[in-house]
Amino acid sequence: MRRTKITDVLKSDAIGSEIVVKGWVRTRRGNKQVNFIALNDGSTIHNLQVVADVEVFGEELLRRVTTGASIAVRGELAPSQGTGQNVELLARTLEVIGDCDVNEYPLQPKKHSLEFLREIAHLRFRTNTFSAIARVRHAMIFAVHSFFSSKGFVNIHTPIITASDAEGAGEMFQVTTLDLENIPRNEEGKIDFKEDFFGKATNLTVSGQLEGELAAMGLADIYTFGPTFRAENSNTSRHLAEFWMIEPEMAFYDLNDNMDLAEEFLKYLIQYALDNCSDDLQFLSSRLEEEEKNKKADERSMELIEKLKFVLNNEFIRLTYSEAIEILKESKPNKKGQFKYQIEGYGADLQSEHERYLVEKHFKKPVILTDYPKEIKAFYMKLNDDNKTVRAMDVLFPQIGEIIGGSQREENYDKLVARMQEMHIPVEEMWWYLDTRKFGAVPHSGFGLGFERLLLFVTGMGNIRDVIPFPRTPKNAEF
RNA sequence: UCCUCAGUAGCUCAGUUGGUUAGAGCGGCGGACUGUUAAUCCGUAGGUCGUAGGUUCAAGUCCUACCUGAGGAGCCA
C-alpha cells in the first residue's frame, strides 16, 4: 500500500478508510493501555496523532518508538476523541523503520535556541521552524519563476565562474586548479595564470547582471536566479558568503518602469506566500510572538501576517536621495545629535541608522530611494542630466534594510567609457559589455533581489543563517 | 575587520564582595496513572565551569591571550 502524505491525511474526510503513513516521531506519550505518537513527515507543519494500543503492539516495540525514530503505520482513519485534532490514525500495524537512540539524538521534544539548531543544521529540517521555512522558501522559488514566466521573461543561466572582476560588487572567491604548494610563476615572478585551467584568473560570480544585460539586448525581458558569492568578511545577520539572487534585466525600461516592476514583484511574492503558506506563516507568527513576549510592547515587531498584508496594501514611498537628505537633516535625531553619523547635507553616504529612520520611523513603510550621487554608486548606472546623480534605486524594508538594489543602465557608449575610466575599470577587458552600447543600444534597467533577505521578511526570522539550509559565512562551511 | 556582550549538565539558565561537597527547570531513564496534547505526579543518573597561561593560602568568580557564538557597525543583496 502506498503511503499517504500527512498533509493529505489531515485534509481527508475519508473516515474509516485504511491508510499507510510514514514519518518521523516527534513525541510519544501515554499510559499502560494506550500510546499517542505525534508523527510528522515534512509535508505539513501539523503532526498526525497515531493511537497505538499497548496490548496489541507490546511495550518492547513501543519503547523503540522514540523521538526521532522513523516509523511506518497502517491503520484506520478515525475522528479524534481528544480535542487537539479532528482526525487520528488507529494503528493496526506499526513498523520501526529506523531506530533513534535518544541519548545521542540532539533534538528533544522541547524548545531549542536557533543558535543551537544552527550547530546541528543537518538535523534541523526535522523541527517545526525549519521545515516551515524550507516550505516557504520553496514556495517563493516557485513564485519567482511563476511571476516572470507569466510576464514573458526568459530565465537565463549566467555563468558561475567568471573571468571578469570589473563588477566591483565585492571581494571575490578565486577559482583555480593550480597546485597551491607549487604555483607556476612567469618571468616577472607573478603567478602565471596561463597555466591555470581556463588560461586566465577566474572567480566565482558576484552578480549575473553584466551577462544578464547582454541577454536583455536580444530577448528584451530576462531574469537570472542563481547562486552568488561574496568573499567579504561580513559578520552580520543579513550577509552570507553564498546566497541566491534574482536579477531581472529589461530592455526599454526606464527607472520608473523598473520601480514599478520591483514593487509589483515583491507584492506578488508576498501575496503568493499568504495564499499558499498560511499554516507555516501562522506557525512562524506564533513562534515570533513567543520569542518576543519578554520584549517591551513598543520593541515588538508587527504580527507577521498583519505585517505582510500591510506591505501589500500600501504604496511604497518613492523619493530621491536629495529629498531623503533634507528629511534626515531636519529630523529630530539629527538635530538632537542622536545619529552616530550626523547628516550635514548632500553627498553624505546613508548609514543603516538613517535608512532605518526613514523606513521605520518617518514613513513606516517600504521606501524606494533614487538618484544617488554618482560617487557612491557603480559605474554602469545611468548619469542624470545634472551630471551629479545616477538613476539608482534602493528598495528599503523595515528591519532588513536594502532588499533590492538596481538602476537604469548607462546605454551611451561615450558616457559609459568615461565613467569606467574615472572609476579605474579596465575598459579593454570589458569589450563584450561595451559592444552592446555600440550595436543598437537601448535604454534598459534591472535590479537584484537578495532571495534570503526576502525570506527574512516573509518568515519574520531575524538571522539570514536561518533561512538558507546550509549557511556559508566567514569561518563556517560546515555540512 | 571594528565595538559590545556571552561561553557552567544533553538543552535553557542561576551561581553574592574570590571561601567547604557547583544548583534549578526542561530533556533522558525507572515507576504511578483507562485518551494524552510541550501530558501530569513520584524517584533517579548526569559537570575537566570554552582552551591555555597567570594572580592568590584559596578561582566558575579576578587578569592576559586565543577559540566559539550573539548583537551592532562597515561592505552590500
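Nucleic acid contact class of Gly448(A) (heavy atoms, under 4.0 Å, all strands): sugar-phosphate only. Counting any heavy atom pair closer than 4.0 Å across all strands shown, Gln85(A) reaches a base atom. Within the nucleic acid shown, Thr83(A) comes within 4.0 Å of at least one base atom, counting heavy atoms only. Among the atoms of the strands shown, only primed sugar atoms or phosphate atoms (P, OP1, OP2) are found under 4.0 Å from some heavy atom of Ile404(A). If you check every strand for non-hydrogen atoms under 4.0 Å, Gln81(A) touches a base. Heavy atoms of Phe116(A) sit under 4.0 angstrom from primed sugar atoms or phosphate atoms, though from no base atom. Base contact: Arg238(A) has a heavy atom under 4.0 Å from a base atom. Nucleic acid contact class of Gln49(A) (heavy atoms, under 4.0 Å, all strands): base.
Using atom P as the reference point in both rG71(B) and rU12(B), the two lie 15 Å apart (nearest Å). Rounded to whole Å, the P atom of rA14(B) lies 25 Å from the corresponding atom of rC3(B). Distance check on atom P: rG60(B) versus rU51(B) gives 12 Å, rounded to whole Å. Across the C1' atoms, rU17(B) and rA58(B) are found 15 Å apart, a figure rounded to whole Å.
For Phe229(A) and Phe243(A), the ring centers sit 6.0 Å or farther from each other. Ring-centre distance between Phe125(A) and Phe470(A): below the 6.0 Å cut-off. Taking the six-membered ring where the residue is Trp, the centroids of Tyr341(A) and His354(A) are separated by 6.0 Å or more.
Of all nucleotides listed (rA32(B), rC76(B), rU1(B)), rC76(B) comes nearest to the side chain of Arg230(A). When distances are taken from the side chain of Val51(A) to each of rG35(B), rG27(B), rC75(B), the shortest belongs to rG35(B). With rA73(B), rA77(B), rG35(B) as the choices, the nucleotide that has an atom nearest any side-chain atom of Asn235(A) turns out to be rA73(B). Distances from the side chain of Gln108(A) to the nucleotides rC29(B), rC11(B), rA32(B) place rC11(B) closest. The side chain of Ser234(A) approaches rG74(B) more closely than any other nucleotide in the set rG69(B), rG35(B), rG74(B). Side-chain proximity of Lys110(A) to rA73(B), rG72(B), rG10(B): nearest is rG10(B). Taking every side-chain heavy atom of His239(A) into account, rG74(B) is the closest of rG74(B), rA32(B), rC11(B). For Lys475(A), counting side-chain heavy atoms from C-beta on, the closest listed nucleotide (rC75(B), rG28(B), rU68(B)) is rU68(B). In the set rC75(B), rG69(B), rG27(B), rC75(B) carries the atom at the smallest distance from any side-chain atom of Asp349(A).
Judged by distance alone with a 3.5 Å cut-off, no donor-acceptor contact links the side chain of His112(A) to the base of rC11(B). A donor-acceptor contact under 3.5 angstrom links the side-chain atoms of Arg453(A) to the base of rC76(B). For Glu88(A) and rG35(B), a side-chain-to-base donor-acceptor distance below 3.5 Å is present, hydrogens and geometry of angles not being considered. Side-chain N/O atoms of Arg29(A) and base N/O atoms of rA38(B) include no donor-acceptor pair closer than 3.5 Å.
Atom CD in Gln399(A) sits about 14 Å away from atom C1' in rG71(B), given to the nearest Å. Counting to the nearest Å, the P atom of rG72(B) and the CD1 atom of Ile400(A) are 12 Å from each other. The interatomic distance linking Leu456(A) (CG) with rG71(B) (P) rounds to 11 Å, in whole Å. Atom CZ in Phe265(A) sits about 15 Å away from atom P in rA77(B), given to the nearest Å. One interatomic measurement links the two molecules: CD1 of Ile37(A) to C1' of rG35(B), which rounds to 14 Å at whole-angstrom precision. Regarding Gln351(A), its CD atom lies at a distance of 16 Å from the P atom of rG72(B), rounded to whole Å. Whole-Å rounding puts the Asp394(A) CG to rC75(B) C1' distance at 13 Å. Computed from coordinates, the Asn86(A) CG to rU37(B) C1' distance equals 14 Å when rounded to whole Å.
Using a cutoff of 4.0 Å between basic side-chain nitrogens and carboxylate oxygens, Arg318(A) and Glu263(A) are scored as salt-bridged. Between Arg63(A) and Asp99(A), no side-chain nitrogen of the basic residue sits less than 4.0 Å from a carboxylate oxygen of the acidic one, so the salt-bridge criterion is not met. A salt bridge links Lys151(A) and Glu264(A); the closest N-O separation between the charged side-chain nitrogens and carboxylate oxygens is under 4.0 Å.
Contact between the side-chain N/O atoms of Asn463(A) and the OP1/OP2 oxygens of rG69(B) is not found at any separation under 4.0 Å. In this model, the phosphate group of rG74(B) is not approached by any side-chain N or O of Thr236(A) to a distance below 4.0 Å at OP1 or OP2. For Arg28(A) and rU37(B), the shortest distance from a side-chain N or O to OP1 or OP2 is not below 4.0 Å. OP1 or OP2 of rG35(B) lies within a sub-4.0 Å distance of a side-chain N or O belonging to Asn31(A). One finds no side-chain N or O of Thr67(A) lying less than 4.0 angstrom from the OP1 or OP2 phosphate oxygen of rG27(B). The phosphate of rU12(B) (OP1 or OP2) has a side-chain N or O of Ser113(A) nearer than 4.0 angstrom. The phosphate of rA38(B) (OP1 or OP2) has no side-chain N or O of Lys111(A) nearer than 4.0 angstrom. For Arg26(A) and rU37(B), the shortest distance from a side-chain N or O to OP1 or OP2 is not below 4.0 Å.
Between Phe339(A) and Tyr357(A), the angle of the ring planes goes over 60°, which puts this pair in the perpendicular group of the 30/60° scheme.
Note that the CD1 atom of Ile246(A) and the CG atom of Leu269(A) stand 7.0 Å from one another [nearest 0.5 Å].
Pair assignment for rU34(B): none, as no Watson-Crick or G-U wobble contacts are both less than 3.5 Å. Base pairing annotation: rC2(B) forms a Watson-Crick or G-U wobble pair with rG72(B), both donor-acceptor distances under 3.5 Å. Across all strands shown, rG23(B) is found opposite rC13(B) as a Watson-Crick or G-U wobble partner, with both distances under 3.5 Å. Pairing for rG7(B) goes to rC67(B), judged as Watson-Crick or G-U wobble with the two contacts each under 3.5 Å. Taking a pair to require two hydrogen-bonding distances under 3.5 Å in either a Watson-Crick or a G-U wobble arrangement, rG43(B) pairs with rC29(B).
Projected onto RNA chain B by closest heavy-atom contact, Ile403(A) and Arg465(A) fall at different nucleotides, the more 5' of which corresponds to Arg465(A). A residue-by-residue look at Val102(A) and Leu90(A) shows that Val102(A) has its nearest nucleotide of RNA chain B further toward the 5' end.
Partner of Arg28(A) under the side chain to side chain contact (heavy atoms under 4.5 Å, CB included) criterion, out of Asn35(A), Thr66(A), Thr67(A): Asn35(A) alone.
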For side chain to side chain donor-acceptor pair (under 3.5 Å), just list the numbers for Arg26(A) and Asn128(A), CA-CA rounded to whole Å, side-chain angles, deciding distance to a tenth of an Å, and then say yes or no. CA-CA 10 Å; Arg26(A) 287 296 175 75; Asn128(A) 285 334; 2.7 Å; yes
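Stacking between Phe243(A) and rA77(B) is shown: the ring centroid lies under 5.5 Å from the centre of the six-membered base ring, and the planes differ by under 30°.
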